[in-house]
Each structure stands twice: as structure tokens, then as C-alpha cells.
2 protein chains.
Amino acid sequence: MKIVNVGANISIKRDIDTGTETQRATVEAIISQVKEQGDQALFELTKQFDGADLKSLRVTEAELEGAYAHIDDTLIEALREAITNIRDFHERQKRQSWLTTKEDGTILGQKVTALDAVGVYVPGGKASYPSSIMMNVIPAQVAGVGRIVMVSPAGADGNLPASVLVTAKELGVKEIYKVGGAQAVAALAYGTESIPAVDKITGPGNIYVALAKRAVFGKVDIDMIAGPSEIVVLADKSADPRYIAADLLSQAEHDEQASAVLVTTSKLLAENVAKEVQEQLTTLPKREIAGASIRDYGVIYIAHDLVEAIDVINELAPEHLELLTEEPMNLVGKIRHAGAIFVGPYSSEPVGDYFAGPNHVLPTNGTARFSSPLNVDDFTKKSSIIAYSKQALQENGYIISALARLEGLEAHARAIDIRLEDK
Amino acid sequence: MKIVNVGANISIKRDIDTGTETQRATVEAIISQVKEQGDQALFELTKQFDGADLKSLRVTEAELEGAYAHIDDTLIEALREAITNIRDFHERQKRQSWLTTKEDGTILGQKVTALDAVGVYVPGGKASYPSSIMMNVIPAQVAGVGRIVMVSPAGADGNLPASVLVTAKELGVKEIYKVGGAQAVAALAYGTESIPAVDKITGPGNIYVALAKRAVFGKVDIDMIAGPSEIVVLADKSADPRYIAADLLSQAEHDEQASAVLVTTSKLLAENVAKEVQEQLTTLPKREIAGASIRDYGVIYIAHDLVEAIDVINELAPEHLELLTEEPMNLVGKIRHAGAIFVGPYSSEPVGDYFAGPNHVLPTNGTARFSSPLNVDDFTKKSSIIAYSKQALQENGYIISALARLEGLEAHARAIDIRLEDK
């Protein structure tokens with residue numbers, strides 16, 4: 001790994017992939033086809049892209065139950081424990097509707113309502129992660145979303161992976177369709193004969209899925225479009241270089257575009273981590289990917305002190321931040337921008353990726369400056385409530401008319417005046 | 001106004017204005033120019049588009065104070081009362097960071113942090129609404145945003161309207177720049193010598209501003225891009241047709257694209273409202289605009305009963321909804337989609353537009369299905385906190401490794417294993 005002083009002019013910023021002209025045109029064409037032909041388009045495109053010749057799109061109860069034969073019991077237990085933890089954490093995010101009343105009879109408030117229907121995209125094949133299904137479905141369930149739909153491309157044999165089906169079944173998701181790519185996103189946004197439209201689409205996918213989500217945004221809501229993943233570790237001399245190296249590599253194995261960064265006040269630690277990374281890399285199954293990520297987007301910054309180190313971190317606004325310092329909890333208040341903050345030597349990032357409870361869908365590529373982890377709020381919306389009494393209007397109406405006239409909106413003023421005249 | 005039965009095949013849906021090819025190209029060119037030339041571009045474009053030959057962009061304290069001479073004292077009092085109400089309502093939206101602890105030493109939580117810097121766009125000339133400034137600035141202030149910047153195009157005389165300056169001064173906004181259009185949005189997103197970049201841009205604007213916001217989205221956050229405004233009134237035979245007509249017209253005067261809808265269970269009321277609308281229209285200063293809006297996007301639906309009426313409303317997902325029925329509060333729970341719900345005969349929409357406290361920046365054109373009024377949450381973001389103890393990791397680490405291996409992510413599993421091996 002490169003070792004540089006803070007302030008060195010190196011960039012680990014990655015560009016957001018907005019696709020090629022051809023990719024964008026393909027996605028537009030697929031969306032049009034699904035809007036016009038509905039299910040017929042889905043069957044055709046599924047045959048074309050996934051090689052599966054399906055007779056029906058919906059996963060049956062028998063398929064869901066059959067999948068259990070392929071998954072180890074201890075793994076099912078593990079999934080259940082993770083689901084319990086994730087559900088518990090998200091339950092704590094729930095918000096209540098509220099009202100406030102005034103003596104003149106005014107009632108003001110905010111009503112919180114779950115979305116009617118949400119679609120969760122689950123990527124196909126090797127990229128189908130049970131943890132991702134849990135992280136997208138559970139906040140929607142906790143919010144109280146009435147209808148939660150999963151879509152995922154079938155393999156050429158017409159089946160979804162057993163781990164996907166078991167995870168869905170464990171979560172209680174009942175409406176699952178074997179369709180992927182831009183066509184799945186189009187179906188969720190516009191609806192087809194088999195798949196009624198939803199109000200929001202979440203979940204990761206390849207560039208075609210990402211472009212389709214961008215294209216339907218506005219018709220429906222979408223979650224953020226995730227960029228490549230990143231980790232930043234802040235460590236002082238007390239930290240164990242082996243732990244840091246292992247955590248940096250766990251990020252690097254995701255993607256050649258993933259970024260792994262250490263910011264440290266210790267030059268010795270920097271050198272030891274660089275050494276450990278090389279050593280641990282040699283035995284990793286995904287050493288090619290992780291190696292490329294470390295080479296291109298890995299860097300160790302040496303800071304004069306923790307103040308300078310924290311400035312770097314707030315500048316990077318990392319998706320994942322680990323604090324491996326002597327008193328890590330004391331630093332949490334100084335972190336202004338981070339998707340998730342992992343505190344202390346036992347809070348390795350995978351603890352949060354799979355199990356602890358907080359969501360692993362986090363703002364990437366510096367967007368933690370203004371974005372949040374996926375959460376229950378993302379599956380609800382608010383409505384303001386305004387109930388004015390006759391007394392309240394008579395006391396305040398003239399002010400409201402005056403403000404309307406200041407803006408030249410006479411009809412607004414008259415809507416108040418007509419009521420004031422009725423004594 | 002058209003009077004039809006529920007289920008009649010008429011559409012009042014308006015298309016979102018995504019601009020012409022030429023407009024989009026103009027916006028792209030302006031953004032590039034600002035990125036490359038900074039302040040120089042701002043001065044040139046301001047001369048070109050606004051006709052103002054400025055020496056400096058920033059509004060001075062003397063300008064702010066001088067503006068008071070042009071605004072009536074009673075209006076200043078009105079602004080102050082409105083600010084107090086709006087601030088009070090938004091204070092109630094504030095969320096606290098929270099932690100939860102477990103006996104094994106685990107700490108999990110959610111840290112709420114205000115955005116560092118926000119830019120509020122204020123349209124120029126006649127479209128500069130003091131109420132819009134209050135509604136955008138106050139939630140950012142209540143959230144605790146460190147730096148709030150206002151941008152607004154100067155008139156040809158190099159000045160901003162007195163009402164804009166006084167409202168800014170009353171709110172305590174100190175950083176105001178005389179720049180508008182796509183160039184203002186570009187400056188806020190990328191920064192120039194005079195205007196440091198922000199993290200989020202909110203506020204309404206013309207098509208160039210809207211296209212520029214879309215273009216910089218991702219680099220910074222933006223609020224929603226508002227479509228044309230709409231009101232839906234739900235009324236039974238108990239309602240006063242004069243009130244309803246006045247409220248429908250207050251929406252219609254905004255814009256020829258604005259939409260005003262009545263859903264009622266009373267045929268007699270429908271006819272009386274249609275008559276009242278025509279009558280009240282004749283004396284309105286903006287009767288041309290309001291008349292076009294009523295003609296093209298005004299409709300009265302007659303429903304069999306309240307159940308059918310409420311189905312229509314949930315289908316429309318209106319920006320503004322007024323309930324003018326005998327027991328309006330009983331209906332609030334049945335409304336699943338609405339930006340703001342105005343309850344009862346004295347809650348005329350302008351009460352909420354200016355004064356009551358809830359925000360008037362609301363989801364338009366059916367997006368209340370998944371969007372919320374502008375609120376304090378929009379100016380904060382969350383970070384997850386995960387602090388695992390040694391005990392917690394030793395007890396749960398094997399599950400975490402197992403889940404990582406199920407997904408084929410060996411480096412994730414090893415980051416846990418290396419810690420488990422250290423007893």
C-alpha cells in the first residue's frame with residue numbers, strides 16, 4: 001500500500017458509473033418494451049438475457065419450501081439470529097405520528113404513513129447476497145409497508161438460488177418474481193399483468209439495473225444508487241496491524257474499484273499494516289480483485305495527530321469508518337460524516353455487514369456528507385396536519401391575508417377574507 | 001368546471017418539465033463555465049442574463065438594513081409571527097441521536113448530524129416569495145446546519161427585492177449572493193472564489209434552475225424538483241361552496257398548469273361550487289392564469305359515498321388536501337397519501353402556505369405516495385454506531401464468519417477469525 005503524509009496530492013475518488021451511450025439506449029428500449037408489452041416482454045427478455053424459458057414468473061410456495069433442503073441447518077439458525085438483531089435495531093428507528101394542540105383550538109401535526117408497496121431488487125447468481133435481502137426487506141417490514149415484492153433473475157434452469165429463497169421465506173416475503181435486469185425495474189415501476197406496480201424500488205444491481213432505476217426515478221422513488229464500497233480505518237499506535245490489514249482486505253475483496261484507507265498517527269503502524277496486507281493477500285481466494293483494489297485505491301495516510309486525522313476522515317466522509325484508537329468512543333462525536341462508525345478493535349466491519357443490527361446499505365463515495373444508511377424512514381412518508389379553529393382564523397386571518405398580498409397572490413388573500421367576513 | 005362521476009376517464013396528470021434539448025445544453029455549458037472560471041463566470045453570466053454589472057456578489061450588511069425602509073412595519077410584524085410559528089412546528093421534528101446497550105458490552109446506535117452547509121435558491125423578481133425563504137431556511141436552521149447560504153438573481157439595478165432582504169435578515173441569514181439561474185446552482189455545487197461549495201441545494205426556480213439541480217445531484221444533495229401545484233378538496237353537503245371556490249382559485253392563480261379538484265358526495269354542492277368559481281373568477285387580478293388552470297386541470301368528481309371519495313383521493317395523492325366534511329378529523333386516518341391535510345372549514349390552504357407552521361414545500365403530482373413535506377430530517381443525516389465488545393465477538397463471531405462464507409466472501413470471514421483466534 002502507498003504510504004503518504006496527510007495533504008499529499010493523491011486521489012482515491014472514483015467516478016460514478018453512469019453507463020455508456022449504448023447501455024443507456026438498451027435500458028430505454030427495455031423499459032419501453034415492458035411498458036408496451038407487459039408480461040410478454042418479461043418472458044422474452046428473461047429468455048434472451050438469463051437463458052430461462054419460464055412459464056410463470058412467480059415463485060411458488062413449493063419452491064420456497066424446497067429450497068431448505070439445500071441449506072445447512074446451522075446457516076438457517078445464523079440467518080434467524082441475524083434477522084432478529086436487524087429487526088430489533090430497525091424497530092428502534094420507528095417514528096410516531098404526533099399532534100400539538102393550542103388553546104385557540106388549533107391542531108397541528110405530522111402523520112407518518114408507511115409506503116403502500118415496495119420492490120426489492122436481488123441480483124442474480126454469485127452476487128445474490130442473503131444479507132442484502134435482509135437489509136432491504138427488514139426496514140420496509142418494520143415501517144409497515146403493506147406489500148413487499150422481491151425480483152431476481154432466474155438461472156438458465158429457471159430457478160433462484162436456494163439461499164435467496166430461504167432468506168425470503170425466513171423474512172416472510174411471499175411475492176417473489178423471477179425477473180431481473182432493467183426489465184424487472186420497469187415492471188416494478190409501471191406494472192404488468194403479473195406484477196402490480198410499486199411505489200419505491202430498492203436494492204443493488206449491475207449497471208443496467210442502476211440505469212433503469214435512474215430512468216424510472218420520479219415515477220417511483222428509489223434508494224441511492226450505490227457506488228463502489230469503501231472503508232477507512234483510523235488507528236493510533238495501540239492498534240493491531242493484523243486486524244487492520246484483515247479489515248482493509250475484507251473491503252478490497254468486493255470489487256477492484258473498492259477503496260481501503262488507513263489514517264494513522266503512527267509511522268510504525270503504517271509500515272506494519274502495509275506488510276500485513278501483502279502477507280494476508282497471498283492466501284486470499286479473491287487475491288486478484290483485492291490486490292487490484294489495494295493497488296489502485298488503497299492508501300495509508302500518516303497524520304501529525306488525531307485532530308489532523310479526523311479532518312482527513314471528515315473530508316473523505318467514508319461509507320465505513322473503523323476507530324481503532326485507545327479511547328475510540330471519545331472520537332465518535334468528532335466524526336461529522338460517515339455511513340457507519342465501527343468502534344474499537346472487536347467491531348470489525350463484517351460485524352455490521354451481517355449481524356449486529358444496523359443496516360449495511362450505506363452512503364458511498366463521499367455522499368455520507370448528506371446521506372444516511374437505509375432506514376425505516378426511507379419506507380415511510382409524512383403528511384402535515386393543519387386544523388385551524390374559527391377562533392384561530394379570526395385572530396390570525398388578517399396576518400395571513402397581508403402576507404399573501406405581499407406576494408401578489410390576491411386569490412390566496414380572498415380565501416381567508418371570505419371566511420373572516422362570515423362572523 | 002367539469003363535473004364528472006368518479007371513474008370517468010379524464011386525466012389531470014401533468015408531465016414533469018424536463019426541458020428542451022437546447023435548455024439542457026445551455027445548462028451544461030453554464031455549469032462547465034462556472035467550474036472552469038469561477039467568479040469570473042458568475043459576473044459575466046449575471047451581466048448577460050440579469051443585466052446587472054456587479055462589482056461584488058455578496059450582499060452587504062448595509063443593504064440588509066437599508067431594505068427595512070421599503071417594508072411596512074405591520075408586514076415585518078407579520079413575518080415575525082410566521083417565523084415564530086414555523087420555527088415552533090419544525091422544532092418538534094428534531095430527532096435525537098440514540099444508543100442501545102447490551103449486557104455483553106455491545107453498544108449500537110444512530111448518530112444524527114446536521115449537514116455542514118446548505119444553499120437556498122430564491123427566485124428573482126416577481127416570483128421571489130418571502131414565505132418560500134422562510135420554509136426553506138427554517139428547517140435547515142432548526143436542524144443545526146452550520147452554514148446557510150442564500151442565492152438570488154439581482155435586478156438590472158444590481159439590487160435584490162427589499163422583501164427578500166428583510167426576510168433573510170429576520171431569519172438571521174448572513175451569507176447572501178446576488179447570483180441566480182443555473183450559474184448559481186453550479187457555484188453552490190462546485191464552489192468559486194467567493195462562494196464556497198455546499199452539501200445540499202434547496203428552493204424553487206425556473207426550468208434552468210431545475211435542470212441545473214438535476215445535473216449536480218450526486219455531487220450534492222437536492223430537494224425534490226417541484227412540479228406544478230395542486231389542491232384537492234373533499235366535501236360533503238355540509239360544506240360552504242363559497243369557501244371551496246375561493247380555495248380552488250387560490251391554487252389556480254399560481255400557474256396555468258396548477259390543478260384544482262373537488263371530490264364530493266353532493267351533486268348540489270358540485271353545481272354550486274362550479275357556479276361560485278365562475279363568479280369569483282371574474283374579479284380576480286390573475287383571472288387569466290386561474291381561468292386557464294380551472295379550464296384545463298380543474299375537475300369536480302361526484303362520488304357515491306365517502307369511501308369512494310377517499311379512494312379517489314388516495315389515487316390522486318394530492319399535494320394539498322382539504323377536508324370539508326361534517327366530521328373531518330375522523331377521515332385523517334383514512335388518508336394514506338397527501339402532502340398536507342387541511343382539516344375543517346377554517347383551515348384554508350393559505351393558512352398553511354404562510355403561517356400555521358408546517359412546511360409549504362410539499363410533494364406534487366402524485367409523489368406524496370412516497371415523498372414528504374420538506375422537514376428537519378432533510379437537513380440532517382444519520383450515521384450508525386457499532387461498538388462490539390470482545391465478549392460479544394467471541395460469542396457471535398462464528399455466526400458472522402459462517403454468513404460471510406455463505407456469500408463467498410472469505411476475507412470478511414477471516415477478519416472475524418483473526419480476532420477469534422486471539423484468546
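To find a chain, count down the sequence lines: A is the first, B the second, and so on, and within it residues start at 1.
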Heavy-atom distance under 4.5 Å to chain B: side chain of [X], backbone, both or neither?
X      : value
A:I107 : side chain
A:D378 : neither
A:T283 : both
A:M224 : neither
A:I341 : both
A:K390 : both
A:Q93  : both
A:E410 : both
A:R405 : neither
A:H337 : both
A:P328 : neither
A:L403 : both
A:D417 : neither
A:S389 : backbone

Inset, instruction - Determine the interplanar angle of the A:Y354 and B:H412 rings, folded into 0 to 90°, and report it as parallel if under 30°, tilted if 30 to 60°, perpendicular if over 60°. - result: perpendicular
Inset, instruction - Kindly assign one of parallel, tilted or perpendicular to the pair B:F217 and A:F217, based on the angle between their ring planes and the thresholds 30° and 60°. - result: parallel
Heavy-atom side-chain proximity of [X] to [Y] below 4.5 angstrom:
X      : Y      : result
B:I386 : A:V343 : no
B:P373 : B:V361 : no
B:E322 : B:I231 : yes
B:S401 : B:R414 : no
A:H254 : A:K286 : no

With no hydrogens and no angle check, is any side-chain donor or acceptor of [X] less than 3.5 Å from a backbone partner on [Y]?
X      : Y      : value
B:D247 : B:S348 : no
B:S347 : A:Y388 : yes
A:E319 : A:A340 : no
B:D104 : B:Q391 : no
A:S293 : A:A258 : yes

Interface moiety of [X] toward chain A, non-hydrogen atoms closer than 4.5 Å:
X      : answer
B:A82  : side chain
B:R287 : neither
B:N375 : side chain
B:D377 : side chain
B:L406 : side chain
B:A368 : backbone
B:P345 : backbone
B:D72  : neither
B:S371 : backbone

Option that, when pairs with chain B are counted at under 4.5 Å, heavy atom only, ranks first among [options]:
options                        : answer
A:G366, A:A402, A:A338, A:G344 : A:A338
A:L393, A:L323, A:D199         : A:D199
A:R369, A:R92, A:Q251, A:E253  : A:E253
A:I335, A:L79, A:V220          : A:V220
A:G333, A:P130, A:G227, A:P285 : A:P130
A:K200, A:Q394, A:E81          : A:E81

Among [options], which has the most heavy-atom pairs under 4.5 Å with chain A?
options                        : value
B:K111, B:Q110, B:E349         : B:K111
B:N396, B:D88, B:T74, B:L249   : B:N396
B:P350, B:G408, B:G352, B:A246 : B:P350
B:L281, B:L248, B:N359, B:L115 : B:L115
B:L321, B:D116, B:V118, B:L362 : B:D116
B:T367, B:L409, B:D240, B:L108 : B:L409

Inset, instruction - Indicate yes or no: does B:K381 engage B:D221 in a salt bridge with an N to O separation below 4.0 Å. - result: no
Between [X] and [Y], is any side-chain donor less than 3.5 angstrom from a side-chain acceptor?
X      : Y      : value
A:K382 : A:T380 : no
A:T100 : A:K102 : no
B:E407 : A:S131 : yes

Inset, instruction - Taking all heavy atoms of B:T106 and all of B:A392, pick out the closest pair and write down the distance. - result: OG1-CB, 3.3 Å
Legend entry - Aromatic B:Y243 / basic A:R419 pairing, under 6.0 angstrom, 45° off normal: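 Geometry flag: set, cation within 6.0 Å and 45°.
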Inset, instruction - Given side-chain contact (heavy atoms from CB on, under 4.5 Å), test B:D353 with B:H320 step by step and report yes or no. - result: CA-CA 10 Å; B:D353 289 341; B:H320 305 93; 3.9 Å; yes
Inset, instruction - Check step by step if side-chain contact (heavy atoms from CB on, under 4.5 Å) holds for B:Y346 and B:V351. - result: CA-CA 9 Å; B:Y346 302 103; B:V351 168; over 6 Å; no
